[in-house]
Enquirer: 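Provided herewith is a single structure, encoded as structure tokens, for subsequent inquiry.
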Amino acid sequence: MLKKITIENYRSCLRTTFECHPRLSVLIGPNGSGKTNVLQAILFLYKIWQDDEYQRFREEPITVTSRIRALFHVPPANAVLNASIDAYTDASNNDIVVDAKRRWTLSEAKGKKIAVQTLPWHSRGVIWYHRQAHARRPRQTLLADSRGRVLCWPGDKPGIIEPWISSSVAKVVQFCSGIRYYSASQFTNPSACPVSFEIEKEGPRSRHFRAPGHARTLYRMYMAQKNEDDKYANFMSMVGPKGLGLVDDVTFKEVPTSSIDYAVRVGGRLEKRRRCRLLIIPRFRIGRHKLSPNQLSEGTFKTLALLFYIMTEESKALLIEEPEVCIHQGLLASILELMKTHADRKQMIVSTHSDYVLDHVSPDNVFQVKRDKLEGTHVKHIRKNMTRKEFSALRHYLQSEGNLGEYWREGALED
């Protein structure tokens, strides 16, 4: 799990430190305080491992260098990742990573420490580990791949490498690669949702399905259904007639198609290649009507997407921005209970403006976000913003008079 992250020089986060709850963290604060910036900075932990998504440019874009220091708990070790990230913001307000330098420190419970230097992204994920020199052994280098599998350690005999080193690295990389991000703004304007998408007949067109927003979610739903995932079956039971009643059924029609590509080889030889593809057509049945995705209401699609991310995605961490947008309060209560249940198997970090969300969480899960004109965004657990007497008064209020949302509405947390 992610225990602590420090963010430097990223938007309003000049030097922001956030100590996460191990299961569910809820960020509250006014507009412009930096809640979304904190979530986007955590998403960098995912983006810096997607080497093939880094872009090369004919003209060098104007980038900003941000720094991330993340502390992970990976039993039986702790891992600290220091990353220097060059990125720019595109027209859709997405951060595009151009380059990233990563340096880690791994520490075992017994006190052993390993310093880690990661090669640049264009070296395709090869990692070099530098073991600290001591009196009996000079400084040496361990070579491993991006999944943490040990390839060799020059000068050492086979089997002398401690297994916790490669195991810890593999788990951290798996965690970062499994971070997912949900924002209600991704699914604004349902008419932008495609009525179909194409994949290669033997698998996805590329290792990462690059279409954003609606199309990516539809693709993941299709793959989950095709793999006959038990989690997807539970998801359909939840959104179906016997659950929340959002839709009666979801189907994906497969239509085989083909195309011919031509490539010119050395000597002017023309090579013809036939590509077999599948056109995937999603259909949502509500009553007697069969609808395309772009015919669903905005609230329905946002709710389906949020529940899909919570219940089926094989993610290690889920970042959720404003889950309350376009969702009825009665439905939101069910979603919040699901979030608390699934937080046992994936770490969740949520930003919200809704006092109704606070009504369904414990004070132990709540963090207050403020922005100082000179020092930027600050994140603190609400308990650290209170004296012991004030926190005791809060607990008494929750037990005898009201809930955390009402306490926030009355302005007590702001004080």
Enquirer: Where is the tightest heavy-atom contact between Ile62 and Tyr88, given as atom of each residue plus distance?
Expert: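 For Ile62 and Tyr88, the tightest heavy-atom pair comes out as O-CB, 3.3 Å.
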
Enquirer: Identify, with sequence neighbours excluded, every residue that meets side chain to side chain contact (heavy atoms under 4.5 Å, CB included) alongside Ala333.
Expert: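 For Ala333, the residues satisfying side chain to side chain contact (heavy atoms under 4.5 Å, CB included) (neighbours in sequence not counted) are Tyr356, His360.
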
Enquirer: What's the shortest heavy-atom distance between Pro323 and Leu332, and which atoms?
Expert: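 It is O-CD1, 4.0 Å.
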
Enquirer: Flag yes if more than 12 heavy atoms outside Lys316 fall under 6.0 Å of its NZ atom; otherwise flag no.
Expert: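 Check fails, neighbour count at 12 or below.
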
Enquirer: Measure the spacing between CD1 of Ile42 and CD1 of Ile349 and express it to the nearest 0.5 Å.
Expert: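 Interatomic distance, Ile42 CD1 to Ile349 CD1, rounded to 0.5 Å: 3.5 Å.
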
Enquirer: Keeping the roles fixed (side chain from Ser362, backbone from Asn365), state whether a donor-acceptor pair exists under 3.5 Å.
Expert: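 Looks like no, no N/O pair under 3.5 Å.
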
Enquirer: Taking side chain to side chain donor-acceptor pair (under 3.5 Å) as the test, write out the residues that go with Lys302, two or more places apart.
Expert: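 Applying side chain to side chain donor-acceptor pair (under 3.5 Å) to Lys302 gives Glu298.
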
Enquirer: Do His353 and Asn31 have side-chain N/O donor and acceptor atoms under 3.5 Å apart?
Expert: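 Yes, because at least one side-chain N or O of His353 sits under 3.5 Å from a partner of the opposite role on Asn31.
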
Enquirer: For a quick check under 3.5 Å, do Glu324 and Thr352 share a side-chain donor-acceptor pair by atom type?
Expert: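 Yes, a side-chain donor-acceptor pair sits under 3.5 Å.
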
Enquirer: Within the side chain of Lys370, is there an N or O that forms a donor-acceptor pair under 3.5 Å with the backbone of Pro30?
Expert: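 Checking the backbone N and O of Pro30 against the side chain of Lys370, no donor-acceptor pair under 3.5 Å is found.
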
Enquirer: Would you please name every residue forming a side chain to side chain donor-acceptor pair (under 3.5 Å) with Gln186, sequence neighbours left out?
Expert: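 Gln186 satisfies side chain to side chain donor-acceptor pair (under 3.5 Å) with no residue once adjacent residues are dropped.
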
Enquirer: Taking only distance into account, with no hydrogens and no angle test, what donor-acceptor pairs under 3.5 Å do side-chain atoms of residues 4-14 form with protein atoms, sequence neighbours excluded?
Expert:
from, atom 1, to, atom 2, distance (Å)
Thr6, OG1, Thr17, OG1, 3.3
Glu8, OE1, Arg67, NE, 3.2
Glu8, OE2, Arg15, NH1, 2.1
Asn9, ND2, Thr65, O, 2.7
Tyr10, OH, Asp95, OD2, 2.4
Arg11, NH2, Asp95, OD1, 3.0
Ser12, OG, Asn37, ND2, 2.8
Ser12, OG, Thr377, OG1, 2.7

Enquirer: Using modelled atom types only, decide if a donor and an acceptor are shared between the side chain of Glu198 and the backbone of Thr257 within a distance under 3.5 Å.
Expert: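 Answer holds: no.
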
Enquirer: Report the relative orientation of the aromatic rings in Tyr219 and Phe197; use parallel for angles under 30°, tilted for 30 to 60°, perpendicular for over 60°.
Expert: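 Aromatic pair Tyr219/Phe197 classed perpendicular.
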
Enquirer: Who passes side chain to side chain donor-acceptor pair (under 3.5 Å) against Lys340, sequence neighbours left out?
Expert: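 So Lys340 forms a side chain to side chain donor-acceptor pair (under 3.5 Å) with Glu337.
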
Enquirer: Are Phe301 and Phe308 an aromatic pair by the rule of ring centers under 6.0 Å?
Expert: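 No, ring centres 6.0 Å or more apart.
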
Enquirer: Go through the structure and list residues passing side chain to side chain donor-acceptor pair (under 3.5 Å) with Tyr232, not counting sequence neighbours.
Expert: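 Testing Tyr232 for side chain to side chain donor-acceptor pair (under 3.5 Å), a comparison that skips the adjacent residues, returns none.
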
Enquirer: More than 12 heavy atoms of other residues, nucleotides or ligands under 6.0 Å from CD of Glu228: yes or no?
Expert: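 No, CD of Glu228 has 12 or fewer neighbouring heavy atoms, counting only those of other groups under 6.0 Å.
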
Enquirer: How many angstroms lie between atom CG of Leu278 and atom NZ of Lys226, to the nearest 0.5 angstrom?
Expert: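 Rounded to the nearest 0.5 Å, the CG-NZ separation comes out at 7.0 Å.
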
Enquirer: State whether the side chain of Asn94 and the backbone N or O of Asp90 hold a donor-acceptor pair below 3.5 Å, judged by distance alone.
Expert: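 It does not hold such a pair.
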
Enquirer: Supply the atom-to-atom distance Ser183 OG to Leu306 CG, rounded to the nearest 0.5 angstrom.
Expert: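 Between atom OG of Ser183 and atom CG of Leu306 there are 11.0 Å.
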
